Amino acid sequence: MSASTLTVPPPAPPADRLRARRRARRRYVGSALLFLSPWLIGFGVFTAWPLIYSVYLSLTDYDVINNPEFVGMDNYVQLFEDPKIALALGNTLIFTAVQVPLYVLVSLVLALLLNKAGRSAGFFRTIFFLPKMTPPVAVGILFLLLFNGQNGLFNTVLGWFGIDGPSWTTDAAWVKPGLIIMSLWTVGASVIILLAALQAVPDELYDSARMDGAGFWRQSLSVTVPMISPALFFIVVVNTIAGLQTFDEAYTAFFGAGNTTYSNDAALFYVIYLFQQAFEFLHMGYASAMAWVLFALIMVVTVIQIVVSRRVVYYEGEERS
């Protein structure tokens with residue numbers, strides 16, 4: 001066949017090409033949805049639907065046994081009349097306000113030390129992170145053993161220095177300080193995050209600061225903290241949310257296994273009271289209302305933190321007005 005007899009098919013009309021592209025896009029989307037379907041089904045059944053249903057339950061009187069009875073906003077009104085709500089919320093806010101700054105400070109100090117450890121940093125990084133793997137229930141039991149006012153290890157160590165340790169588990173004034181100290185057991189994850197941020201700070205910035213006569217503290221305040229401020233902000237937000245949802249350790253130590261010590265009220269955090277209302281007293285509607293109030297509180301606190309971060313958090317390459 002000669003070249004003169006070859007014929008080139010005419011190009012497809014624009015409408016045909018558009019339909020072909022649409023079919024290809026539908027096939028692509030269909031394949032993606034097929035692969036995502038296990039997660040989408042799980043999210044819908046175990047997350048989205050319980051969230052939506054809890055909104056309805058918060059407007060009902062529901063005890064699990066009988067059908068929900070619609071009561072409107074009564075549960076939310078009762079929240080303002082329940083004295084234990086104020087107690088639990090106050091305990092939670094005090095715990096979070098003290099624990100989060102202390103947690104961040106200890107994490108930063110350990111990260112700075114690790115950053116100077118050289119080749120041994122990998123070993124210490126593992127050691128610091130291992131306590132994070134401890135189940136929270138075990139930490140709660142460990143709290144009772146270490147902070148026992150009579151023969152606990154913590155008071156024994158204080159006794160070596162001539163300090164008479166308090167009754168951490170029975171004195172209401174020392175329950176929250178003990179729980180705050182115990183929470184530092186799990187700083188390992190934050191230490192790893194801050195260490196990665198510290199190692200990403202350019203050495204040239206420290207060289208320039210030293211040439212200007214800046215010492216260690218000036219370098220820390222003018223170079224280190226601004227450069228790792230995004231990581232610090234992340235840790236503050238995450239630990240604030242965790243602090244407002246404190247449950248496992250305190251519940252295990254003071255409310256589990258029939259514990260009836262008079263210091264219970266000092267350890268009554270908001271989520272513990274929510275759990276009691278839902279699964280001990282079977283006030284599911286009231287507990288749902290409590291959960292949504294906690295969600296609103298966390299949302300407000302997080303938004304405030306984000307607004308404040310615009311002034312104090314430095315992102316590399318960001319233009320500031």
Side-chain angles (χ1 to χ4, degrees), residues 47-48 51-52 54-55 58 73 75-109 111 176-177 179-184 186-187 189-194 196-198 220-250 266-275 286-321:
T47 302
L51 279 173
I52 297 171
S54 70
V55 175
S58 71
M73 300 297 291
N75 288 326
Y76 292 94
V77 172
Q78 186 180 346
L79 285 173
F80 294 96
E81 300 173 351
D82 188 346
K84 282 207 167 185
I85 289 290
L87 172 66
L89 189 57
N91 288 338
T92 303
L93 292 176
I94 292 172
F95 175 87
T96 304
V98 177
Q99 189 262 355
V100 171
L102 187 61
Y103 191 97
V104 173
L105 179 61
V106 172
S107 300
L108 180 58
V109 170
K176 281 190 285 294
L179 289 170
I180 290 170
I181 294 172
M182 195 65 185
S183 70
L184 302 180
T186 58
V187 298
S190 297
V191 171
I192 301 303
I193 294 172
L194 290 178
L198 287 169
S220 298
L221 293 175
S222 300
V223 177
T224 304
V225 172
M227 293 302 295
I228 68 171
S229 56
L232 287 171
F233 172 63
F234 171 78
I235 291 172
V236 168
V237 171
V238 169
N239 283 283
T240 299
I241 295 173
L244 293 173
Q245 298 181 85
T246 298
F247 174 78
D248 298 328
E249 295 89 345
L268 182 64
F269 294 119
Y270 191 89
V271 175
I272 292 177
Y273 189 49
L274 189 158
F275 177 86
Y286 188 58
S288 297
M290 290 180 62
W292 279 103
V293 169
L294 178 61
F295 171 80
L297 175 63
I298 292 174
M299 181 68 70
V300 169
V301 172
T302 304
V303 169
I304 292 173
Q305 290 175 327
I306 291 174
V307 172
V308 173
S309 73
R310 294 173 181 172
R311 294 182 175 272
V312 299
V313 177
Y314 167 77
Y315 294 100
E316 191 171 357
E318 179 184 44
E319 294 184 2
R320 289 182 177 265
S321 57

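Remember, predicted model here, so these are calculated numbers, not experimental data.
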For I192, side-chain contact (heavy atoms from CB on, under 4.5 Å) partners two or more places apart:
R125, F129

How many angstroms lie between CZ in F295 and CE in M299, if you round to the nearest 0.5 Å?
3.5 Å

Return the set of residues passing side-chain contact (heavy atoms from CB on, under 4.5 Å) with L184 (not counting sequence neighbours), or none when no residue passes.
L102, Y103, V106, V187

Worked verdict on Y273 versus L87 for side-chain contact (heavy atoms from CB on, under 4.5 Å):
CA-CA 10 Å; Y273 189 49; L87 172 66; over 6 Å; no

Across all chains, not counting sequence neighbours, the side-chain contact (heavy atoms from CB on, under 4.5 Å) partners of A289 are S58, N75, Y76, L79

Which pairs count as ring pair (Phe, Tyr, Trp, His ring centres under 6.0 Å) when at least one residue sits in residues 220-247, sequence neighbours excluded?
F247-Y251, F247-F275

Just one of L297, I298, I304 clears the side chain to side chain contact (heavy atoms under 4.5 Å, CB included) bar with V301, so which one?
L297

Are the side chain of T92 and the backbone of Y270 linked by a donor-acceptor contact shorter than 3.5 Å?
yes

In short, side chain to side chain donor-acceptor pair (under 3.5 Å) pairs touching residues 232-245 with sequence neighbours left out are T240-Q305

Just by distance, do the side chain of T246 and the backbone of G243 share a donor-acceptor pair under 3.5 Å?
yes

Which residues satisfy the ring pair (Phe, Tyr, Trp, His ring centres under 6.0 Å) test with F95, sequence neighbours excluded?
F269

Could you tell me which residues satisfy side-chain hydrogen bond (donor to acceptor under 3.5 Å, both in side chains) with Q99, sequence neighbours excluded, listed by chain and number?
S183

Could you measure the distance from the CG atom of L198 to the CG atom of L108? Nearest 0.5 Å is fine.
7.0 Å

Rounding to 0.5 Å, atoms OG (S190) and CD1 (I235) come to a distance of 4.0 Å

How long is the gap from CG on L179 to CD on E249, to the nearest 0.5 Å?
8.5 Å

So, using side-chain hydrogen bond (donor to acceptor under 3.5 Å, both in side chains) as the criterion, who are the partners of T186 when residues are at least two apart?
none

Minimum heavy-atom separation for T96 to P101, with atom names?
O-CD, 4.0 Å

Would you name the heavy atoms of I272 and A267 that are closest together and state the gap between them?
CD1-O, 3.5 Å

Nearest-0.5 Å distance that lies between atom CG in L294 and atom CG in L244
6.5 Å

Please enumerate all residues that pass side-chain hydrogen bond (donor to acceptor under 3.5 Å, both in side chains) together with Q78, with sequence neighbours excluded.
none

Measure the spacing between CG of L232 and CD1 of I228 and express it to the nearest 0.5 Å.
4.0 Å

Can you list everything that forms a side-chain hydrogen bond (donor to acceptor under 3.5 Å, both in side chains) with T224? Sequence neighbours excluded, please.
Y206

Which residues satisfy the side-chain contact (heavy atoms from CB on, under 4.5 Å) test with P177, sequence neighbours excluded?
W168, W174

If you look at every heavy atom in L194 and A111, which pair is closest and at what distance?
CB-CB, 3.7 Å

Heavy-atom pair of closest approach, residues V225 and L221:
CB-O, 4.3 Å

Over all heavy atoms of both residues, which pair between V100 and V236 is shortest? Give the atoms and the distance, please.
CG1-O, 4.1 Å

